[in-house]
K.L.:
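The structure is given below, and queries will be raised subsequently.
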There are 2 protein chains.
Amino acid sequence: MPQPAPAADTETRRRILSVSAQLFAENGFNHVTIRQICQAAQTNIAAVNYHFRDKLGLYKEVVQIAADGMHRLKSDVLDAIEPQPPEERLRNYVRLTMHHLLDPHEQSWMEKLIARETMEPTPAIDLIIEKGIRPTAERNGRMVAELLGTTLDDPRVWQCFLSVQGQCLFYKMSMPVTMRMAPPGFQYTPEVIDALAEHVYQFSLAGIRALAAQPAPAKMEWRP
Amino acid sequence: MPQPAPAADTETRRRILSVSAQLFAENGFNHVTIRQICQAAQTNIAAVNYHFRDKLGLYKEVVQIAADGMHRLKSDVLDAIEPQPPEERLRNYVRLTMHHLLDPHEQSWMEKLIARETMEPTPAIDLIIEKGIRPTAERNGRMVAELLGTTLDDPRVWQCFLSVQGQCLFYKMSMPVTMRMAPPGFQYTPEVIDALAEHVYQFSLAGIRALAAQPAPAKMEWRP
DNA sequence: GCTCAATTCAAACACTTGTATAAATCATAC
DNA sequence: GTATGATTTATACAAGTGTTTGAATTGAGC
């Protein structure tokens, strides 16, 4: 019973990873079969089991990559908007996030995979939380906290951030219905996405400002 | 080959419907097996095929009920808030919707089933759109339009409504992650849900008012 | 050229799924 | 009571799933 070298970087191994990342992101863990993956990767059925032990092993490696990439991607976004004034920071955060999620040309399978895991978690969810979400939580919070004129231990920070994130993700998650309700021929072109992002920005900025004007509620313990 | 009377109302048939509604809402069409349903309904494997032709037939009947019930539920909510001033209307709409979605005691499997179909549609999605969503679209729109001081053919109406709906649904859909990020022991008690709903209301009302203050964009054709 | 380990391959296995069949049971009208 | 049709039951089937196996192929090191 031959064993592959620990994490050897074979050509087929790479192909399987690349192909399955797309498939998993688009269809979810349960709706992708090993045979699909291997056919798309032009290799044998047993390749997945040989290189990744089993389907879940492959998936976890894909998720690992997604979580790391997500962290890097989010860090890049946050870096890019760092020097801007707070309002522009929010505007561009929303714009970039929605493009990653909605633009079909944007090959951002990582956002999609994580959006999927968020709604329908598998045993790999903890990886995503620890490596992909938690590390940028503090910077995300600071972006909102500054607009609120408060600190991270103010519960309004997370409620507002979730309201922003919720609007962005909702457009992605409700796409199947949106496309059916929209007039025929509708597409998520870059211009449409920009317009939606601008709406979410305007809507959210006003929401945040209104809450900033209210008396501060009791602080909460802040967890890292 | 015996055939059941058209839509006979047998006891087992009722049990299957009731049990599978819960299961489908909680786990989605693909993650529920006929054997699960029949075991929970304390009947034979073949009962589903006998009474509903096949699994999809059963599911479509469940969805039919959900779509009708959804329409009725939404109508009731809209009726209940009708006499209130516009702001209170929005506040209570958000509050009731979030309770239906999040309260574990609330046995509102219909909202959950439809939320699921929204994100991961099956061949039954059209039923939901036509019977469960479209019929109340106009009233939903009017609720927002009034706050915006505009008419249904103003694109801001739908963008704002989706922003509100998006926040509500997001809390439902991201529950798996939320529960893991939240401090241990966290639960969606009625009080917690009320607080969240109040936040969404405040946030959204400010967003809507800010957009109302802007110059009106080009109208769009309004589809029934 | 040979060796030996890593890698690929074809085939099969064990299991679950939805569905179909035919017999058994039940209920009701005559 | 019996006949007839509706319902329930036990069982089998075909297709699809992830996984395993053992042989074939490859390729680098000597």
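All of these numbers come straight from a predicted model, not from anything done at the bench. First the proteins, then the strands, lettered A, B, ... as listed; each starts at 1.
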K.L.:
Which of the following nucleotides, D:dT7, C:dA20, C:dT7, is nearest to the side chain of B:N49?
P.N.:
C:dA20

K.L.:
Is the B:F161 ring parallel, tilted or perpendicular to the B:W158 ring (thresholds 30°, 60°)?
P.N.:
perpendicular

K.L.:
Just how far, in rounded Å, is P of D:dT17 from CD of A:Q36?
P.N.:
8 Å

K.L.:
Give a yes or no on whether a salt bridge exists between B:E26 and B:R116, defined as a side-chain N under 4.0 angstrom from a carboxylate O.
P.N.:
no

K.L.:
For the residue pair B:F24 and B:Y59, categorise the inter-ring angle as parallel (less than 30°), tilted (30 to 60°) or perpendicular (more than 60°).
P.N.:
perpendicular

K.L.:
Check this for me, if you would: do A:K74 and A:E111 make a salt bridge, where the nitrogen-to-carboxylate-oxygen distance has to be below 4.0 angstrom?
P.N.:
yes

K.L.:
Tell me whether the side-chain N/O atoms of A:H51 come closer than 4.0 Å to OP1 or OP2 in C:dA6.
P.N.:
no

K.L.:
Do any of residues 38-48 of chain A sit with a heavy atom less than 4.0 Å from DNA chain D, and if so which?
P.N.:
A:I45, A:A46

K.L.:
So, B:R139 and B:D79, do they make that salt bridge, N to O below 4.0 Å?
P.N.:
yes

K.L.:
Quick one: the side chain of A:R35 and the base of D:dG16, do they pair up donor-acceptor inside 3.5 Å?
P.N.:
no

K.L.:
Would you tell me if any nitrogen or oxygen in the side chain of B:T10 comes within less than 4.0 Å of OP1 or OP2 on D:dA6?
P.N.:
no

K.L.:
In chain order, what residues pass the ring-ring contact (aromatic ring centres under 6.0 Å, His included) check against A:Y188, with sequence neighbours excluded?
P.N.:
A:F186

